[in-house]
Amino acid sequence: MVVNDISPRAPLDLDRLQEAAGPLWKVQLHAAAESTNALATASLERGLVVVADHQTAGRGRLGREWVTPPGAALTFSAVVDPVVDDEWWPLVPLVAGYAVARIVGGSVKWPNDVLLHDRKVCGILVERVHVRARGGDKPLAVVGIGINVDQTADELPVPWASSLGLLGFPWDRTELFARVLHGLRVWLGVMTSGPTTFVANYRGRFDTLGRDVRVDLPDGSTLSGRADGVDDHGRLEVETSGGTVAVAAGDVVHVRRAE
Ligand code: BTN
């Protein structure tokens with residue numbers, strides 16, 4: 001399952017990455033880049049995957065930064081066409097988190113942080129962009145994925161993060177890249193043909209269920225309650241003192257697991 005005969009810190013190689021990705025993707029490799037999401041958003045070629053051995057200004061969700069040391073993480077952005085109506089677009093970030101969680105044997109903190117042994121090992125930033133098409137503007141998704149592969153404890157930016165290697169699951173970054181790209185394509189396909197089928201699968205790895213949570217909402221307010229589930233459109237359902245609220249965007253803090 002895990003190919004680990006190559007040190008994760010060995011520089012990535014474009015030929016190996018392209019071979020691992022297969023003919024459906026066109027891989028671009030940068031030894032160093034500010035942000036693969038920024039580069040992918042600038043090119044906007046469907047099927048393009050921008051990989052960086054080192055990101056110097058990685059973008060996180062909700063305007064945060066994403067910091068990884070050179071050669072220790074897998075950081076890339078894929079330009080995909082989810083082929084779904086607007087109402088299902090909020091599922092795209094969930095698909096990416098779910099695909100990674102399956103591969104590393106982890107779970108998902110809503111909407112798409114991948115957890116392993118309760119530590120965050122992967123963050124995902126999906127940006128919706130538009131290209132000109134014959135019938136008007138067409139939306140594409142830039143799916144940015146950052147996986148902590150080989151960081152040591154003192155290289156982690158926050159105490160609740162970890163790396164696959166630290167948790168006892170060493171990966172070769174190119175092998176992991178191949179598996180994640182494949183999983184992303186498969187699960188985007190499931191979501192396109194049956195969004196609710198995808199959500200049913202997502203619920204199976206949904207770590208937030210039953211937890212007491214605090215949700216920091218984009219307007220600056222917060223919501224507290226118990227995570228009750230995820231609805232068919234991927235919204236987090238929070239049971240509050242005032243009733244159940246469906247949250248479409250926000251940052252979830254797991255306060256403690258409910259008994
Ligand atoms: C988060 O958890 O806040 C999301 C982090 C997303 C990081 C990835 S790394 C590859 C891609 N390029 C970026 O600039 N960000 C994403």
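One-based numbering, in listed order, for ligands and for the atoms of each.
- For ligand 1, one of its N or O atoms has an N or O atom of Arg61 under 3.5 Å away.
- Using a 4.0 Å cut-off between a side-chain N of Lys or Arg and a carboxylate O of Asp or Glu, Asp232 and Arg203 qualify as a salt bridge.
- Set against the non-hydrogen atoms of Ser77, the atoms of ligand 1 under 4.0 Å away are 11 (C), 12 (N).
- Given atom 15 (N) of ligand 1, the protein heavy atom at minimum distance is Arg59 O, 2.7 Å.
- Every atom of ligand 1 is numbered from 1 in the order shown, and the set under 4.0 Å from a heavy atom of Gly146 is 8 (C), 9 (S).
- Protein heavy atom in closest approach to atom 9 (S) of ligand 1: Gln55 NE2, 3.3 Å.
- At a threshold of 4.0 Å, the pair Arg59-Glu34 does not count as salt-bridged, since none of the basic side-chain nitrogens sits closer than that to a carboxylate oxygen.
- Within ligand 1, counting atoms from 1 as listed, the ones closer than 4.0 Å to a heavy atom of Lys120 are 1 (C), 2 (O).
- For ligand 1 and Gly58, the ligand atoms under 4.0 Å from any heavy atom of the residue are 14 (O).
- Arg16 has a carboxylate O that lies under 4.0 Å from a charged side-chain N of Asp172, or vice versa, which qualifies the two as a salt bridge.
- Under 4.0 Å is where a charged nitrogen must lie from a carboxylate oxygen, and between Asp216 and Arg214 at least one such pair does.
- Salt-bridge annotation for Arg235 and Glu87: absent, with no side-chain N of the basic residue lying under 4.0 Å from a carboxylate O of the acidic one.
- Numbered from 1 in the order shown, with element, the atoms of ligand 1 that lie under 4.0 Å from a heavy atom of Thr36 read 10 (C), 11 (C), 12 (N).
- The shortest contact between atom 5 (C) of ligand 1 and any protein heavy atom is with Trp66 CE3, 3.4 Å.
- With a heavy-atom cut-off of 4.0 Å, Leu62 does not touch ligand 1 at all.
- The cationic group of Arg128 lies under 6.0 Å from the six-membered ring centre of Trp89 and within 45° of the ring axis, placing it in a cation-pi geometry.
- For His30, the NE2 atom counts as densely surrounded, since its 6.0 Å shell holds more than 12 non-hydrogen atoms of other residues, nucleotides or ligands.
- Taking each of Asp251, Ile124, Asp113 in turn, the one with a heavy atom nearest to atom 4 (C) of ligand 1 proves to be Ile124.
- Residues Asp207 and Ser107 have side chains that bring a donor and an acceptor to within less than 3.5 angstrom of each other.
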